[in-house]
Amino acid sequence: MPVVRRGRPHLNLQLPLTKLSHARPPRISLPLPPTSSTAAATQFNWSSSSAPISAADLDKIQVLGSGNGGTVYKVRHKETSEIYALKIINDKSNSNFRSQLDTEMEILRRTDSPHVVKCHSIFQNPSGEFGIVMEYMDSGTLENVLKSEGAFSESKVADIAKKVLNGLHYLHSHKIVHLDIKPANLLVNSKMEVKIADFGVSKILGRTLDTCNSFVGTCAYMSPERLDSLTYGENYDGYAGDIWSLGVTLMELYMGQFPLLPPGQTPNWPTLMCVICFSELPSLPKGVSDEFRNFIDCCLQKESSKRWSASKLLSHPFICKDSIIKEP
Ligand SMILES: Nc1ncnc2c1ncn2[C@@H]1O[C@H](COP(=O)(O)OP(=O)(O)OP(=O)(O)O)[C@@H](O)[C@H]1O
């Protein structure tokens, strides 16, 4: 793969528009079961062992990273020696923050898919901090793998696409929209499993055809209808928004750099807006298969209704063509 990852722009943009802040979103009404009280969040446990995991059961080994939501540690269970990732979140006692945190925890509680990072337990410390005990993904994020190993081959991108699409199909069929699909939110392990993580801005929709109106997520991966609410209106199809973000993500994995801007160009709001909403999108370089090119076209349709759904994309020849592309 000749593409070298050069001058990748910083993608977590700080925008002057309050609507596009990467911070947790404004309060949203969600059709959640009655679990949003602190008592409900105090202790949840999914592990097969009967005893719930709490902070006292875990030794911190190292910090894995920190984001807007909190700090993630690699931890070891004192009794079983099992390794987990523990996300510690301070309850900021802010209703918007708390509402979205409840959603994130509710999604983690509800989901059980090999393509979504597994949550084993959620607890709350007496100090008010929340702890989310997740499966540990030992190769980190796809963003980090890209940084350290460079661009992926087409067949690897197809494999990743299939895994992420399975995860999105699972989420979408459970009426969950992720809203922040990007390499930094896709975790990998040494078995080459790829799992969707970080539901910090996600939503649970009441009905399949519900639309979204939250303006959070990482804007470089946002679809035209999310970026340009003046033209497209305030409501959008969050499912189709996730498919757009997947298309940008897969192009980035193949090209080794953020694909919608020339190498080295720092993304800023007007440039992204021009490229994503008003210009012809940059395409994949020469040499890729027709199936790959067509797959990306199906994801990056500017009109959201023309984008393929996750379930339809799972039958696209790019995903089902193991026999066509062979690793050298
Ligand atoms: N289950 C996990 N296994 C291994 N590493 C993880 C796991 N979850 C998170 N990490 C690491 O911790 C980092 C921080 O994750 P976190 O979800 O808190 O924030 P983020 O995605 O970077 O930011 P934000 O929440 O602001 O979007 C990730 O970038 C990743 O490197």
Side-chain angles (χ1 to χ4, degrees), residues 8 10-15 20-25 46-47 53 58 60-77 82-92 94 96-105 107-109 111-122 129-149 163-164 167 171 177-203 214-222 241-242 245 248-249 252-253:
R8 182 172 180 278
H10 179 68
L11 299 174
N12 279 329
L13 301 176
Q14 299 294 318
L15 294 173
L20 280 154
S21 126
H22 191 57
R24 288 179 181 273
W46 291 263
S47 54
I53 303 171
L58 303 168
K60 285 180 185 161
I61 301 174
Q62 68 180 89
V63 174
L64 293 170
S66 53
N68 183 52
T71 303
V72 181
Y73 300 87
K74 180 178 176 181
V75 294
R76 182 183 291 109
H77 193 282
E82 199 74 45
I83 301 291
Y84 297 102
L86 170 67
K87 184 168 183 174
I88 294 288
I89 303 164
N90 289 316
D91 185 2
K92 295 183 182 155
N94 157 323
N96 293 343
F97 176 86
R98 186 50 205 271
S99 167
Q100 187 57 38
L101 176 57
D102 282 343
T103 306
E104 181 174 359
M105 294 192 293
I107 290 171
L108 287 168
R109 262 181 227 124
T111 46
D112 183 14
S113 157
H115 308 288
V116 175
V117 72
K118 184 162 179 56
C119 175
H120 293 281
S121 174
I122 295 178
E129 281 178 344
F130 286 93
I132 302 178
V133 182
M134 297 172 282
E135 71 179 300
Y136 172 58
M137 299 292 285
D138 58 6
S139 301
T141 66
L142 275 179
E143 182 185 43
N144 290 337
V145 176
L146 195 55
K147 268 183 199 151
S148 58
E149 294 177 18
K163 289 166 178 167
V164 179
L171 293 173
V177 283
H178 188 278
L179 298 179
D180 204 13
I181 294 291
K182 58 180 179 177
N185 285 338
L186 299 173
L187 295 171
V188 205
N189 63 21
S190 43
K191 291 186 261 177
M192 261 322 281
E193 291 173 321
V194 179
K195 306 198 182 197
I196 298 174
D198 196 352
F199 294 89
V201 300
S202 304
K203 285 187 73 173
S214 71
F215 292 85
V216 290
T218 311
C219 65
Y221 299 88
M222 279 184 188
D242 280 347
S245 307
V248 178
T249 296
E252 176 168 346
L253 296 179

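Just so you know, ligand 1 is whichever comes first in the structure, and atom 1 is the first atom listed for that ligand.
- Among Val72, Ile89, Ile83, Val201, the residue whose heavy atom lies nearest to atom 10 (N) of ligand 1 is Val72.
- Looking at ligand 1, you'll find an N or O of Asn185 within less than 3.5 Å of one of its N or O atoms.
- The structure places CG of Asp138 at 10.5 Å from CG of Leu64, a figure rounded to the nearest 0.5 Å.
- Not counting sequence neighbours, the partners of Val194 by the side-chain contact (heavy atoms from CB on, under 4.5 Å) test are Leu142, Ile160, Lys163, Val164, Leu186, Val188.
- Taking only nitrogen or oxygen atoms, main chain and side chain alike, Glu135 reaches within less than 3.5 Å of ligand 1.
- Screening Lys195, Lys87, Lys118 for a side-chain contact (heavy atoms from CB on, under 4.5 Å) involving Met134 leaves a single residue, Lys87.
- For ligand 1, one of its N or O atoms has an N or O atom of Met137 under 3.5 Å away.
- Every residue two or more places apart in sequence or in another chain that forms a side-chain contact (heavy atoms from CB on, under 4.5 Å) with Ile88 is listed here: Tyr73, Leu86, Glu129.
- Residue contacts with ligand 1, taken as heavy atom pairs separated by less than 4.0 Å, involve Leu187 solely via side-chain atoms from C-beta onward.
- We find the OH-CG distance between Tyr221 and Asp180 to be 9.5 Å, quoted to the nearest 0.5 Å.
- The N/O atoms of Asp180, backbone and side chain alike, include none that comes under 3.5 Å of an N/O atom in ligand 1.
- Comparing heavy-atom distances from atom 30 (C) of ligand 1 across Ile132, Val117, Thr141, Val63 singles out Thr141 as nearest.
- Of the candidates Val72, Val117, Ile83, Ile83 is the only one forming a side-chain contact (heavy atoms from CB on, under 4.5 Å) with Tyr136.
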